[in-house]
There are 2 protein chains.
Amino acid sequence: MSGRELKKTIVETAGPPDFKVGVDNAIFSVDTAQNRLLVLLVMRQHEPFLGQWSLPGTLVRHSESLEDAAYRILAEKIRVNNLYLEQLYTFGDLGRDPRESPDSYGVRYLSVSYFALVRFEEAELVGSGVRGIAWYPLEEVPQLAFDHNKILQYGHRRLRNKLEYSPIAFEVLPELFSLSDLYQLYTTVLGENFADYSNFRARILKLGFLADTGLKVSRGAGRPATLYRFDAEAFAPLKDKPLVFI
Amino acid sequence: MSGRELKKTIVETAGPPDFKVGVDNAIFSVDTAQNRLLVLLVMRQHEPFLGQWSLPGTLVRHSESLEDAAYRILAEKIRVNNLYLEQLYTFGDLGRDPRESPDSYGVRYLSVSYFALVRFEEAELVGSGVRGIAWYPLEEVPQLAFDHNKILQYGHRRLRNKLEYSPIAFEVLPELFSLSDLYQLYTTVLGENFADYSNFRARILKLGFLADTGLKVSRGAGRPATLYRFDAEAFAPLKDKPLVFI
DNA sequence: TCAAAAGTGTTAAATATACACCCATGA
DNA sequence: TCATGGGTGTATATTTAACACTTTTGA
């Protein structure tokens, strides 16, 4: 063992390990036209896992909070005005990143994952020619780099829970939307395991935070739909109560 | 600026920052005898925040996962057989640790927090003479080191949610318990904002995962209470359904 | 024999669920 | 004029919530 290697080992085992901290985003959107739940994947441009699909991620920079980093990757990949974002889970198991030396000394890699929901219609993919970045239907997601399939699984569960218990749907719907728009969003994400349209409608209207704008929209055949607006003020008193939206 | 300082700056700004990763635990228990919700605090023995109360925490070591570290601190502070533990949230804002240099270059500190619930009666505090470690009633918690008051707030919210929607109560009750034991646990944690004893009883029994052992226990005056056991097998099919226990 | 703790039963109101049906539009 | 999507109503089962009440014990 050379002198340099010896020194390296001593230094690295002396104190607690240094971590590189990455942020990985599970970014979801709903294509209501095709009734599909989509997740944003990017092709890795570097080792490890070069050429494999992964969740968009980045290492956290100096003078940047975790959330800052999460917003930064998101902004690097898509342009979007409306979104919901929150922290998901932190993965720090040994050996989750092949850049860690196998003897488990030296630098460690840790991933703080974030979960985001964006409006599909307005989400514009950024990048020259949009190569190596794509919306994947959730059922068609391939084997991903690192432990990203696991992160995605976490994210999917969180999405379903959030949709059921919080008003995140309205962060991602257009300003004005019909009740079928809303219903479709719910069915696409949650499957069809809940109330039929009629009951859904009655329930959500009774909650009292959807304001009828009086406007109508006609989409091909059929009766025109009334457009509603989410009334944040009317919702405020319900904010801290356990609410079910389905 | 000396040569040494210049070099330091260059090196540190070249790549992404190194993080020291800490784990902090919000460890709760319920003193049913006194109807109090308690949290475990330790007195800091080192700078920063020397002599101030804090959540028990540690830096993650080489060859140790985040969860390993969480279990390690817990074991260092209390001896306990039954517990529930899960990851809470990761705090990585700039300046959350005073050891970070103020110009926000150099090493960063990040805290992955864990939430635990342990059985108070069997939890034995470890340490010579049990100095600098104590169960604090939640309402009497003082100003804590770092951002630990915030972590504690997160933990408390998680505790209430978990108790309402998951069977964590049974991880922390004795093997055999009466329905009033269970009810008292719930009232202590959640306040009294839910069903009265009679309705609570009817609901929880109807769920069908509490097995009547036939045994009775008499505690002073009053009719002896039937002892129940949590039947994990009977609960299994309900595991993935949204359940409300209150 | 009484107070304390455990356990049971009853009711009205609110909600969930499964439907059947009516309305307004474009082709 | 009819298929299509939007919207309304109703009947029943189930759940919630507030109680009054009975039972069994120790003092």
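Order of the sequence lines fixes the chain letters, A, B, ..., with proteins taken first and strands second; residue numbering starts at 1 for each chain. If you're wondering where the values come from, they're calculated on a predicted model, not measured in any experiment.
- Ionic pairing of Glu164(A) and Arg160(A) is not present here: no N-O contact between side-chain nitrogen and carboxylate oxygen is shorter than 4.0 angstrom.
- Among pairs with a residue in residues 83-93 of chain A, those fulfilling salt bridge (charged side-chain N to carboxylate O under 4.0 Å, His left out) read Glu86(A)-Arg158(A), Glu86(A)-Lys162(A), at least two apart in sequence or across chains.
- Atom P of nucleotide dG7(C) and atom CG of Leu210(B) are separated by 12 Å, given to the nearest angstrom.
- Within the structure, salt bridge (charged side-chain N to carboxylate O under 4.0 Å, His left out) pairs that include any residue of residues 211-228 of chain B comprise Asp181(B)-Arg219(B) (at least two apart or interchain).
- Residues passing the salt bridge (charged side-chain N to carboxylate O under 4.0 Å, His left out) test with Arg229(B), sequence neighbours excluded: Glu175(B).
- Near-neighbour residues of DNA chain C inside residues 177-187 of chain A, defined by a heavy atom below 4.0 Å, are absent.
- Note: Phe170(B) and Phe235(B) fail the aromatic proximity criterion, with ring centroids not under 6.0 Å apart.
- Contacts classified as side chain to side chain donor-acceptor pair (under 3.5 Å) and involving residues 136-146 of chain A (residues at least two apart or in different chains) are given here: Trp53(A)-Tyr136(A).
- Not a single donor-acceptor pair under 3.5 Å links the side chain of Ser166(A) to the backbone N or O of Leu163(A).
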Polar-atom pairs under 3.5 Å, protein N or O versus N or O of nucleotides 15-17 of chain C: list them with distances, or write none.
none

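- The residue Arg219(A) sits apart from the nucleic acid: no heavy atom pair falls under 4.0 Å.
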Table of protein N/O atoms under 3.5 Å from nucleotides 23-27 of chain C N/O atoms:
from    : atom 1 : to        : atom 2 : distance (Å)
dC23(C) : O4'    : Arg223(A) : NH1    : 3.3
dC23(C) : O2     : Arg223(A) : NH1    : 3.4
dA24(C) : N3     : Arg223(A) : N      : 3.4
dT25(C) : O2     : Gly222(A) : N      : 3.2

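- Under the 3.5 Å distance criterion, the side-chain polar atoms of Ser54(A) are left unmatched by any main-chain donor or acceptor of Ala145(A).
- Residues satisfying the salt bridge (charged side-chain N to carboxylate O under 4.0 Å, His left out) criterion with Arg96(A), sequence neighbours excluded, are Asp147(A).
- Phosphate proximity of dG7(C) to Thr226(B): present, with a side-chain N or O under 4.0 Å from OP1 or OP2.
- Note: Phe230(B) and Phe177(B) fail the aromatic proximity criterion, with ring centroids not under 6.0 Å apart.
- Within the structure, the salt bridge (charged side-chain N to carboxylate O under 4.0 Å, His left out) test picks out the following pairs touching residues 110-125 of chain A (sequence neighbours left out): Arg79(A)-Glu124(A), Arg119(A)-Glu122(A).
- Note that the first and last nucleotides of DNA chain D, 5' to 3', having any atom under 4.0 angstrom from a heavy atom of chain A are dT4(D) to dG9(D).
- Evaluation of the ring pair (Phe, Tyr, Trp, His ring centres under 6.0 Å) rule for Tyr186(A) yields Phe200(A) as partners, not counting sequence neighbours.
- With sequence neighbours excluded, the residues forming a ring pair (Phe, Tyr, Trp, His ring centres under 6.0 Å) with Phe28(B) are Phe115(B), listed by chain and number.
- Per the geometry, CG belonging to Leu227(B) stands 12 Å off C1' belonging to dA6(C), to the nearest Å.
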